[in-house]
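Down below is the structure, laid out as structure tokens.
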Protein chains: 2
Amino acid sequence: MGGQQALRRTLHERGMRMTPQRQLVLDAVRELGHATPEQICQHVQLTAPAVNITTVYRTLDLLDRLGLVRHTHLGHGAPNYSVDEHEHVHLVCHRCGRVEEVPCEVLAPVGGTLRDRYGFELDASHLALSGSCRECSKETP
Amino acid sequence: MGGQQALRRTLHERGMRMTPQRQLVLDAVRELGHATPEQICQHVQLTAPAVNITTVYRTLDLLDRLGLVRHTHLGHGAPNYSVDEHEHVHLVCHRCGRVEEVPCEVLAPVGGTLRDRYGFELDASHLALSGSCRECSKETP
DNA sequence: ATAATTGCAAACAATTTGCATTCAG
DNA sequence: CTGAATGCAAATTGTTTGCAATTAT
């Protein structure tokens, strides 16, 4: 809830139009927490079966540029979209594929180091760290 | 330099065969520093034009499992291969796309935190951090 | 000899593009 | 009305698979 007028306004400010598809895609991202374009499309199609995956791709791209959603590449295939407020770092286990979410603040010290040494502004919420999770580390320590 | 006998031995230990293709792919990864399968294929084809990209994919996968090369997903499309010894963290600028390499040790503090709090063993060299680089940060601070 | 490896063509998955149609303002 | 947005089909990109031909040992 919350977003319908905000989206309409943001679009209108830039001469863009409000459409049911755009609302549905944003709602889907919000409801799913984080999901691939494919999953988002399926969720949207529960309500509006005619919506094409091309439109989902275009809309995700738009919402991303508007700063309403963000995406992360978790390593393998499709990227993972979530609403902008939903900030976290993804820990991807490269053995079992599991993805864990942890608060961005674990990266705070590194963010400082990178800024000081390399002038690089880390975007912690748009990020996946790879390694092996607790379970998998046990098996082959 | 270095690898011809090492590769032959490693393969032989596992009942696998030494072939010119495998040597050429490993050499290409070493010479290019870090590159996509496509780029590696092109480099190999300078010497052996008949080598197929399918073989490059299969060989990279093999070398990866043998621990001789590693790959990183830099965000967008194709993954990036480099030789195993070549350890570094990639800083990917999500504005201009530039990739900078910095020593893994900048992540040491985070590695400790993740291990202690979440039991997650971070693999720092198999990693890309996204953010904005010095140049791009200047433009829109 | 013979099992591993390669090349090729075709299949696949994820994403993008061109264009005619539809629709929000 | 009119340009922006959508749907559809086809093109692209990156990667994998099946299989017959080749080759290292």
Side-chain angles (χ1 to χ4, degrees), chain A residues 4-5 7-26 28-29 34-45 47-66 68-69 71-81 97, chain B residues 4-5 7-26 28-29 34-45 47-66 68-69 71-81 97:
Chain A
Q4 41 255 38
Q5 297 311 36
L7 175 56
R8 170 164 251 119
R9 188 167 3 93
T10 309
L11 289 169
H12 195 259
E13 281 167 5
R14 321 196 180 209
M16 295 169 163
R17 293 176 184 172
M18 177 56 158
T19 65
Q21 287 87 332
R22 288 176 173 173
Q23 187 64 59
L24 285 166
V25 169
L26 181 53
V29 175
H34 50 75
T36 62
E38 191 72 41
Q39 295 169 324
I40 291 164
C41 186
Q42 281 170 19
H43 189 91
V44 167
Q45 289 178 339
T47 309
V51 174
N52 195 280
I53 190 153
T54 302
T55 303
V56 174
Y57 276 110
R58 284 192 282 230
T59 304
L60 286 172
D61 187 60
L62 173 65
L63 297 176
D64 207 329
R65 278 179 288 121
L66 294 178
L68 297 172
V69 307
H71 72 274
T72 313
H73 295 272
L74 260 28
H76 47 294
N80 204 279
Y81 284 83
Chain B
Q4 40 255 39
Q5 297 310 37
L7 175 56
R8 171 166 249 119
R9 187 167 4 92
T10 310
L11 290 169
H12 195 259
E13 280 167 6
R14 322 194 180 210
M16 295 168 162
R17 292 175 184 171
M18 178 56 159
T19 65
Q21 287 86 332
R22 290 177 173 171
Q23 186 65 60
L24 285 166
V25 169
L26 180 53
V29 175
H34 51 75
T36 62
E38 192 72 39
Q39 296 169 324
I40 291 163
C41 187
Q42 281 171 20
H43 189 89
V44 167
Q45 288 177 341
T47 309
V51 174
N52 195 278
I53 191 156
T54 302
T55 302
V56 173
Y57 277 108
R58 285 193 282 232
T59 304
L60 286 172
D61 186 60
L62 171 67
L63 296 176
D64 207 329
R65 280 178 288 121
L66 293 179
L68 297 172
V69 306
H71 72 274
T72 313
H73 295 272
L74 260 28
H76 47 293
N80 204 278
Y81 285 83

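Because only heavy atoms are used, hydrogens play no part in the values below, and waters and symmetry mates are left out as well, while side chains stay in. Each chain gets a letter, A, B and so on, in the order its sequence line appears, and its residues count up from 1.
When the C1' atom of D/dA5 is taken as reference, atom CG of A/Leu11 falls 11 Å away, rounded to whole Å. Rounded to whole Å, atom P of C/dA13 lies 15 Å from atom CD of A/Gln39. With rounding to whole Å, A/Asp61 atom CG is found 13 Å from C/dT17 atom C1'. The separation between B/Gln23 atom CD and C/dT5 atom P is 15 Å, rounded to whole Å. As rounded to whole Å, 18 Å separates atom P of D/dA10 from atom CD1 of A/Ile53. Rounded to an integer number of Å, the gap from CG of B/Leu62 to P of D/dT16 is 14 Å. In this structure, the CZ atom of B/Arg17 is 11 Å from the C1' atom of D/dT22, given to the nearest Å. Whole-Å rounding puts the A/Leu7 CG to C/dA24 P distance at 14 Å.
Mapping B/Pro20 and B/Pro79 onto DNA chain D via the closest heavy atom, the residue that lands nearer the 5' end is B/Pro79. DNA chain D is contacted by both A/Met16 and B/Gly77; A/Met16 maps to the nucleotide lying nearer its 5′ end (nearest heavy atom per residue). The 5' end of DNA chain C is approached more closely, in terms of each residue's nearest nucleotide, by B/Met18 than by the other of B/Met18 and A/Arg58.
The base of D/dA5 is not paired with the side chain of A/Arg22 by any donor and acceptor separated by under 3.5 Å.
OP1 or OP2 of D/dT15 lies within a sub-4.0 Å distance of a side-chain N or O belonging to B/Tyr57. For A/Thr36 and C/dA14, the shortest distance from a side-chain N or O to OP1 or OP2 is not below 4.0 Å. At C/dT6, none of the side-chain N or O atoms of B/Asn52 fall inside 4.0 Å of OP1 or OP2 (strictly under the cut-off). Proximity of A/Thr19 to the phosphate of C/dA24: no side-chain N or O atom is located under 4.0 Å from OP1 or OP2. A sub-4.0 Å separation between OP1 or OP2 of D/dT25 and a side-chain N or O of B/Arg8 is present.
Shortest non-hydrogen contact noted between B/Ile40 and B/Ala28 is CG2-CB, 4.0 Å. The shortest heavy-atom contact between B/Val56 and B/Pro37 is CG1-O, 3.8 Å.
Among the nucleotides D/dT25, C/dG7, C/dG25, the one closest to any side-chain atom of B/Gln21 is C/dG7. For A/Thr59, the side-chain atoms get nearest to D/dT6 when compared with the rest of D/dT6, D/dT15, C/dC23.
Side-chain atoms of A/Gln45 come within 3.5 Å of backbone atoms of A/Val51 as a donor-acceptor pair (strictly under, hydrogens ignored). B/Arg22 places a side-chain N or O within donor-acceptor distance of the main-chain N or O of B/Arg17, the cut-off being under 3.5 Å.
The OH atom of A/Tyr81 lies 6.5 Å from the CG atom of A/Asp61; values are rounded to the nearest 0.5 Å.
B/Thr54 comes within 4.0 angstrom of a base, heavy atoms only.
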